[in-house]
Amino acid sequence: QAQLVESGGGLVQPGGSLKLPCAVSGFTLDYYVIGWFRQAPGKGREGVSCIKNSDGSIDYKNSVKGRFTISADTAKNTVYLQMNNLKPEDTAVYSCATHVGISGEQCGLGPYDYDYWGQGTQVTVSS
């Protein structure tokens, strides 16, 4: 059974940084896609970033490009989301999720493609 556990959330001032780890178990990152999603109060879940280790594909939501960086440490079975220059509109519950990678397809930001989800971690950007 795939399990994902997020951590690293908290309160940060605008312009600050946070690094969110997503520790996975029950599967190997070599064959799975990991996505980061967020959901703000009263809004739907949106894809933030994804990574597919097997072909190196990475994608970002337009509004976080240049500020967020996704990376994977296969030795630790952990995927990280480094978030810099945070803005109040980044405030949300951040969750990681996974599905089996499909050969020839890059990772995607659509939440309905993902099968297993973590419990989420709260990120609040406020002065």
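Numbers here simply count residues along the sequence, with the first being 1.
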Peer 1: Does any part of the side chain of F68, heavy atoms only, come nearer than 4.5 Å to the side chain of W36, both counted from C-beta?
Peer 2: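 Contact flag for W36/F68 side chains = no.
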Peer 1: Just wondering, do Y116 and V24 contact through their side chains at under 4.5 Å, heavy atoms?
Peer 2: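 A side-chain contact under 4.5 Å is absent here.
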Peer 1: Within the 4.5 Å heavy-atom criterion, are L4 and I34 side-chain neighbours or not?
Peer 2: yes
Peer 1: For the atom pair CD1 (I58) and CG (N53), what is the distance rounded to the nearest 0.5 Å?
Peer 2: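 Spacing of CD1 (I58) from CG (N53) equals 8.5 Å.
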Peer 1: Can you measure from SG (C22) to CD1 (I51) and round to the nearest 0.5 angstrom?
Peer 2: 11.0 Å
Peer 1: Is S126 close to L11 at the side-chain level, that is, under 4.5 Å between some pair of heavy atoms?
Peer 2: yes
Peer 1: Does the side chain of V123 reach to within under 4.5 Å of the side chain of L20, using non-hydrogen atoms?
Peer 2: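 Result yes, sub-4.5 Å side-chain heavy-atom pair found.
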Peer 1: So do T121 and S7 actually touch side chain to side chain, heavy atoms under 4.5 Å?
Peer 2: no
Peer 1: Whether K65 engages the ring of Y60 as a cation-pi pair (distance to the six-membered ring centre under 6.0 angstrom, angle to the ring normal within 45°) should be assessed.
Peer 2: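 Negative - K65 is either too far from the ring of Y60 or too far off its axis.
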Peer 1: Kindly determine whether V125 and M83 satisfy side chain to side chain contact (heavy atoms under 4.5 Å, CB included), including the steps that lead there.
Peer 2: CA-CA 11 Å; V125 185; M83 306 186 296; over 6 Å; no
Peer 1: Show, in sequence, the C-alpha distance, side-chain angles and deciding distance for E6 and L81, and conclude whether the side chain to side chain contact (heavy atoms under 4.5 Å, CB included) test is met.
Peer 2: CA-CA 10 Å; E6 308 93 336; L81 185 68; over 6 Å; no
Peer 1: Can you confirm whether C96 sits close enough to V79 that some side-chain heavy atom of one is under 4.5 Å from a side-chain heavy atom of the other?
Peer 2: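 No, every pair of side-chain atoms sits at 4.5 Å or beyond.
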Peer 1: Apply side chain to side chain contact (heavy atoms under 4.5 Å, CB included) to the pair L109 and D59, showing each step before the final yes or no.
Peer 2: CA-CA 8 Å; L109 300 179; D59 199 9; 4.1 Å; yes
